[in-house]
Amino acid sequence: MDGASPAVHPTFPLLEVVGVSKQFAGVAALDDVSLDVRPGEILGLLGENGAGKSTLLKILSGAQPASGGRILLGGAPYQPANPEAARLAGIVTIYQELSLIPTLSVAENIFLGRAPVNGLRLVDWPRMRREARGILSRVGLSLDPDTPVSALSVAEQQLVEIARALSLQSRLIIMDEPTSALTGSEVRRLFGIMHKLRDEGVAIMFVTHRLEEASEMCDRMTVLRDGRLAGHLLREDGPIPVPRIIERMVGRAASELYARPTGTVGSGPVRLSVRGLRTVRAADAPHAIVLDGVDLDLRGGEILGVAGLVGSGRTELARAIFGADPIAAGTITLDGKPVRPGSPAGARDLGIGLVPEDRKQQAIFPMLSIRENFTSASLDLYSGPLGFLASGRELADLAQYRNAMSIRMASPDQSIDGLSGGNQQKVILARWLARDPKVLIVDEPTRGVDVGAKAEVHQILVQLAARGIAVMMISSELPEVLSVSDRIITMRHGRITGEMPAVAATEQRLMTLMALEQPPGDRA
């Protein structure tokens, strides 16, 4: 699709942010930030976690006030008292964390709080369903509007969020990581919607960690670093180059972020072997992916990349090995001995760890401290002779990993929910390293993580492999799979469709194998 920028008015922006600052307990989260968004353009808002993006979004969406500066919308002062005031002014924010109500239908979620009514002031259900179908069709969904949201996939829920925003006739749509749970085809569909809205004169602010997407989509970019403006980038003859974006974000060249040795495939013995692995659909999840005879070997000291589209069975493979999903047939061998984890606790005791894809829902305990999150998988290791926690040893080990992994925290007793995504991920990795695992499975290790922290997580995985740990890395980002893995397998419909050394792989070759209906025997 043509990503060329349309003609935008050079003088009159829709939204102007002038010298905005925000302080929390004397600490500046934003310091003298200025930007503007024009009708009919896509503005990228980029920066590492902690750069101030979320704070600025909260100010624009009415969730919190600015401490200083001024904001103009359509030339008039804009100071929304709450998110509803922002929506009434024509600014809608689609957040990365889904805000749908799972027990309500798709139509009810789209029209939540503003359902059409008939002459008797009762909900006009036929009209609501009819209008919901029309809005859903704009994002390429043919769902029954009466379908409960709980029955939808994460990707479908994300598209319903976007449909709800489209129904509000917004002047400015802020999209915060909208593609994080979408497949490649769904991303292309979303990009088509964004282009259409832009051509209709709608302003879009696009916040993403996927720099290739930002490069492709954005007409201009505003980059924040440490709460301050790091500069603006403008599309000229073509997409804004990713290395230029990275340099503005982190203050150094992109080539300095990646120091991955190339062509080094783990030469250790086979640590984990899977043969004929099959799973079955659970009665309460009839649409779940089934593993259909998976064979693989994972060696100590290597990083095995697993690539596949959403729904390919990647996560189900990780869950089956980790004992989270029941196995219908097949064998798992660890260090030459047959094992049957049976449960996550059983897998943990065997020396298998899992960093799941959904950090917020499946990995962290948001109300607990960093220390408690770190220890949660190793209470048996940190218990004293009378069953009490050996807090001194616990804190000493956490301090060791804090230094080794550059975990940025105020104190071990700080709530983990207050950390950036990258630092939360490091704590989860440290949680498993404390157990000295034989096998570590990491599913989407850098989802929602900024580019600087992403490079740090990659280096941690490389260091783990260097220690002899067998690492399986599942990722939706092919550049990540290619840059970090020693060997790569591809999956589709619960089956492996290809296997090759990373040095022999290309994005095109992987994508071809990921899209195949039947395995071609491409195990180079």
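Model, not experiment: these values are computed from the prediction.
- Side chains of T179 and E213: a donor-acceptor N/O pair is present below 3.5 angstrom, by distance only.
- Closest non-hydrogen pair, M473 versus S485, comes out as CE-OG, 3.8 Å.
- With sequence neighbours left out, the ring-ring contact (aromatic ring centres under 6.0 Å, His included) criterion links F322 to W432.
- Looking only at side-chain heavy atoms (C-beta outward), I364 and L419 stay at 4.5 Å or farther from each other.
- By the side-chain hydrogen bond (donor to acceptor under 3.5 Å, both in side chains) test, T208 is found to be paired with no residue, residues two or more places apart in sequence or in another chain being considered.
- Between the side chain of R138 and the main chain of I193, no donor-acceptor pair closer than 3.5 Å is present.
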- request: Evaluate the criterion salt bridge (Lys or Arg N to Asp or Glu O under 4.0 Å) for residue pair D297 and R487; output intermediate values, then yes/no.
  value: CA-CA 11 Å; D297 291 323; R487 187 164 51 93; over 6 Å; no
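- Within the model, atoms CD1 of I489 and CG of D295 stand 10.0 Å from one another, a figure rounded to the nearest 0.5 Å.
- Formation of a donor-acceptor pair under 3.5 Å by the N373 side chain with backbone atoms of F365 is found in this model.
- Side-chain atoms of T93 never come within 3.5 Å of backbone atoms of Y95 as a donor-acceptor pair (strictly under, hydrogens ignored).
- A salt bridge is absent between E216 and R210: the closest approach of a Lys/Arg side-chain nitrogen to an acidic carboxylate oxygen does not fall below 4.0 angstrom.
- Of the possible donor and acceptor atoms, one in the side chain of R314 sits under 3.5 Å from a partner among the backbone N and O of G308.
- For N109, the side-chain hydrogen bond (donor to acceptor under 3.5 Å, both in side chains) test picks out no residue, with sequence neighbours left out.
- Going from atom CG of N423 over to atom CD1 of I370 covers 8.0 Å, rounded to the nearest 0.5 Å.
- Two residues are said to be in side-chain contact when any heavy atoms from C-beta on lie closer than 4.5 Å; L14 and L73 meet this criterion.
- Note that CD1 of I162 is 4.5 Å distant from CG of L190, once rounded to the nearest 0.5 Å.
- Note that CG of L224 is 7.0 Å distant from CG of L30, once rounded to the nearest 0.5 Å.
- More than 12 heavy atoms of other shown residues, nucleotides or ligands fall within 6.0 angstrom of atom CD in E200.
- Note that CD1 of I428 is 10.5 Å distant from CD of Q362, once rounded to the nearest 0.5 Å.
- A side-chain donor-acceptor contact under 3.5 Å links T497 to the backbone of L513.
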message: Applying side chain to side chain contact (heavy atoms under 4.5 Å, CB included) to R220 and D36, what does each step give before you reach the verdict?
response: CA-CA 10 Å; R220 292 188 299 133; D36 63 73; 2.9 Å; yes
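- Considering only heavy atoms from C-beta on, D443 stays 4.5 Å or farther from R319 through its side chain.
- The shortest side-chain heavy-atom distance between R127 and R130 falls under the 4.5 Å cut-off.
- Between the side chain of S483 and the main chain of E480, a donor-acceptor pair closer than 3.5 Å is present.
- Residues P65 and Q79 have side chains not in contact (no heavy-atom distance under 4.5 Å, counting atoms from C-beta outward).
- Listed by chain and number, the residues in a side-chain hydrogen bond (donor to acceptor under 3.5 Å, both in side chains) with R114 are S167 (sequence neighbours excluded).
- Just one residue in the list L60, I173, I42 forms a side-chain contact (heavy atoms from CB on, under 4.5 Å) with M205, and that residue is L60.
- Side-chain contact check for M221 versus R235: every heavy-atom pair is 4.5 Å or farther apart.
- Residue T315 holds its OG1 atom at 3.5 Å from CD of E357, rounded to the nearest 0.5 Å.
- A86 approaches S61 most closely through the heavy-atom pair CB-O, 3.4 Å.
- At a threshold of 4.0 Å, the pair R198-D219 counts as salt-bridged, since one of the basic side-chain nitrogens sits closer than that to a carboxylate oxygen.
- Using modelled atom types, no side-chain atom of R133 and backbone atom of P145 make a donor-acceptor pair closer than 3.5 Å.
- In this structure, the side chains of I59 and Q64 come closer than 4.5 Å at one or more pairs of heavy atoms.
- Under a 3.5 Å cut-off, the side chain of S415 and the backbone N or O of P366 do form a donor-acceptor pair.
- Side-chain atoms of T446 never come within 3.5 Å of backbone atoms of K454 as a donor-acceptor pair (strictly under, hydrogens ignored).
- Using a 4.5 Å cut-off on side-chain heavy atoms (C-beta onward), H493 and D292 make no contact.
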Can you list, pair by pair, the side-chain donor-acceptor contacts under 3.5 Å of residues 98-106, counting residues two or more places apart and other chains?
residue, atom, partner, partner atom, Å
S99, OG, E161, OE1, 3.3
S99, OG, E161, OE2, 3.1
S99, OG, R164, NH2, 2.8
S105, OG, E108, N, 3.1
S105, OG, E108, OE1, 3.1

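- With sequence neighbours excluded, the residues satisfying side-chain hydrogen bond (donor to acceptor under 3.5 Å, both in side chains) with E84 are R87.
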field: Evaluation steps, side chain to side chain contact (heavy atoms under 4.5 Å, CB included), between D124 and V117
entry: CA-CA 5 Å; D124 189 338; V117 295; 5.6 Å; no
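- A donor-acceptor pair is defined here as one N or O able to donate and one able to accept, closer than 3.5 Å; no such pair exists between the side chain of E444 and the backbone of D358.
- Heavy-atom minimum distance, I332 versus A320: CD1-O, 4.3 Å.
- Nearest heavy-atom pair, G313 versus L291, reported as atom, atom and distance to 0.1 Å: O-CD2, 3.6 Å.
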message: Under the criterion side chain to side chain contact (heavy atoms under 4.5 Å, CB included), I'd like the reasoning laid out for L296 against L317: C-alpha separation, chi angles, the key distance, then a yes or no.
response: CA-CA 11 Å; L296 66 84; L317 174 61; 3.7 Å; yes
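- The closest side-chain donor-acceptor pair between D144 and T147, if any, does not fall under 3.5 angstrom.
- Residues P341 and I321 share a closest heavy-atom pair of CG-O, 3.4 Å.
- I240 approaches C218 most closely through the heavy-atom pair CD1-O, 4.5 Å.
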- request: Assess whether side chain to side chain contact (heavy atoms under 4.5 Å, CB included) is satisfied between T512 and T490, documenting all intermediate values.
  value: CA-CA 9 Å; T512 299; T490 55; over 6 Å; no
